Amino acid sequence: MLANVTIGTYYPTDSVIHKLDPRMKIVLILLMMTSVFFCKSFISLGVTLCVTIAIVLISKISIRAILKGLKPILIIVIFTSLLNLFYGSGDPIFKFWIFKITQKGVYNAIFMSFRVILLVINGLMLTYTTTPTSLTDAIESLLKPLHTAFKLDIHSLAMTMTIALRFIPTLIEEVDKIMSAQKSRGADMESGNFIKRVKAIVPVLIPLFVSSFRRANDLAYAMECRCYRGGEGRTKMKQMHLVGKDYVAMIFVVLYFAGIIVINIFVPSVL
């Protein structure tokens, strides 16, 4: 069942993006995220927005899932907007005490907010369309030159990431069970000030840590019983291969990236 799960949520597996090679997907998403930093005008940002929307539609991920992924960074977006809104240069269009809002500040606030949102959406495209196992296998493959050049234990790093991602849904389920058990015993975790809420979390954290260490110990015994000795000479059940659609996606993203650079050359920057 965990073959099609990404941090505890199921998504369509028949989209073109999902079927791309995970290694190529990581490289292309990094290029997409880098292109957001290269955007210097609203025209280039608009092109990036259109391409991102097209990728979301191709991935067949629901808008509700995207909004759910954006919810945790809402505070960051608001803080970024306010920071750029009140620190813009030029003649003020509104002024109160030491605070002033300029036209350039408004442009910067909108521009930087969209930048943050586009960065997060592109990151979601990777995590929502790639299973944790495929993601870590791809990272291990991409970092293999470091093992060859510097003898770094890339396999252990990838294995650690795989185990950590694999147990996120398990830990979330464990937290829900512990909180339900505490509430059934009369524990109040939703009322009171900040200090009281922090103290109410302690009875949840202690059983969670105990359960996590017990699971880690059981996992270590299981791996030892199966004679696990690291990645030297190990094979994989699913081998990753680049095919035609991977090269087509690469050409599309490279052309898009080149287009952003060309737009920046001919269109004045708003920053």
Side-chain angles (χ1 to χ4, degrees), residues 1-34 52 54-73 118-147 153-176 212 215-216 218-220 222-223 226 228 230-231 234-250 252-253:
M1 182 178 292
L2 285 170
N4 297 326
V5 68
T6 306
I7 314 303
T9 309
Y10 292 90
Y11 292 102
T13 59
D14 59 341
S15 65
V16 175
I17 295 179
H18 183 93
K19 295 178 180 178
L20 290 177
D21 187 279
R23 296 169 298 175
M24 180 63 74
K25 201 183 304 183
I26 291 175
V27 173
L28 296 183
I29 290 297
L30 288 177
L31 279 176
M32 290 291 300
M33 297 177 75
T34 304
T52 303
I55 292 174
V56 171
L57 294 176
I58 294 173
S59 67
K60 299 182 180 180
I61 297 173
S62 66
I63 302 300
R64 183 178 179 182
I66 298 296
L67 295 177
K68 185 178 179 181
L70 291 174
K71 187 177 179 181
I73 59 110
L118 289 174
L119 281 172
V120 175
I121 292 178
N122 280 291
L124 292 175
M125 290 301 98
L126 178 61
T127 57
Y128 279 5
T129 60
T130 314
T131 63
T133 303
S134 299
L135 190 60
T136 50
D137 286 345
I139 293 174
E140 180 182 358
S141 178
L142 290 172
L143 296 180
K144 191 173 291 184
L146 295 178
H147 173 72
D153 193 357
I154 303 302
H155 176 79
S156 296
L157 174 63
M159 177 61 70
T160 303
M161 293 178 60
T162 302
I163 294 173
L165 292 172
R166 161 62 182 85
F167 277 95
I168 287 177
T170 305
L171 291 178
I172 293 175
E173 183 180 355
E174 192 74 21
V175 170
D176 290 337
S212 300
R215 289 180 185 275
D218 293 341
L219 180 62
M223 294 174 71
R226 288 167 174 79
Y228 176 79
R234 290 177 63 87
T235 59
K236 297 184 182 298
M237 183 178 70
K238 294 183 179 180
Q239 299 293 330
M240 291 180 289
H241 300 285
L242 295 176
V243 295
K245 57 178 176 291
D246 297 305
Y247 294 107
V248 171
M250 180 182 66
F252 171 78
V253 173

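We're numbering straight along the sequence, starting at 1. Since the structure is predicted, the reported quantities are computational estimates derived from the model, not experimental observations.
- Lys25 contributes atom NZ, which lies 6.0 Å from atom NE2 of His18 (distance to the nearest 0.5 angstrom).
- Residues passing the salt bridge (Lys or Arg N to Asp or Glu O under 4.0 Å) test with Asp21 are Arg23, sequence neighbours excluded.
- Applying the side-chain contact (heavy atoms from CB on, under 4.5 Å) rule to Lys245 yields the partners Lys19, Leu20, Val243; only residues at least two apart in sequence or on another chain are considered.
- If you take CD1 on Ile17 and OH on Tyr128, they are separated by 14.0 Å, rounding to the nearest 0.5 Å.
- Between Ile154 atom CD1 and Ser141 atom OG the span is 11.0 Å, to the nearest 0.5 Å.
- Ile26 is linked by a side-chain contact (heavy atoms from CB on, under 4.5 Å) to Leu30, Leu126, Leu135, Ala138, Ile139, Leu142, counting only residues two or more places apart in sequence or in another chain.
- For Leu124 against Gly69, the heavy-atom pair with the smallest separation is CD1-CA, 3.9 Å.
- Every residue two or more places apart in sequence or in another chain was checked for a side-chain contact (heavy atoms from CB on, under 4.5 Å) with Thr160, and none qualifies.
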Between Met250 and Leu242, is the side chain to side chain contact (heavy atoms under 4.5 Å, CB included) condition met? List the steps. CA-CA 11 Å; Met250 180 182 66; Leu242 295 176; over 6 Å; no
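- Taken from CD in Glu174 to CZ in Arg215, the straight-line distance is 5.0 Å, to the nearest 0.5 Å.
- Evaluation of the side-chain hydrogen bond (donor to acceptor under 3.5 Å, both in side chains) rule for Asp137 yields Lys236 as partners, not counting sequence neighbours.
- Note: Leu119 CG to Ile73 CD1 = 9.0 Å, rounded to the nearest 0.5 Å.
- Evaluation of the side-chain contact (heavy atoms from CB on, under 4.5 Å) rule for Ile163 yields Met159, Phe167, Leu219, Met223 as partners, not counting sequence neighbours.
- For the atom pair CG (Leu118) and OG1 (Thr52), the distance works out to 5.0 Å, reported to the nearest 0.5 Å.
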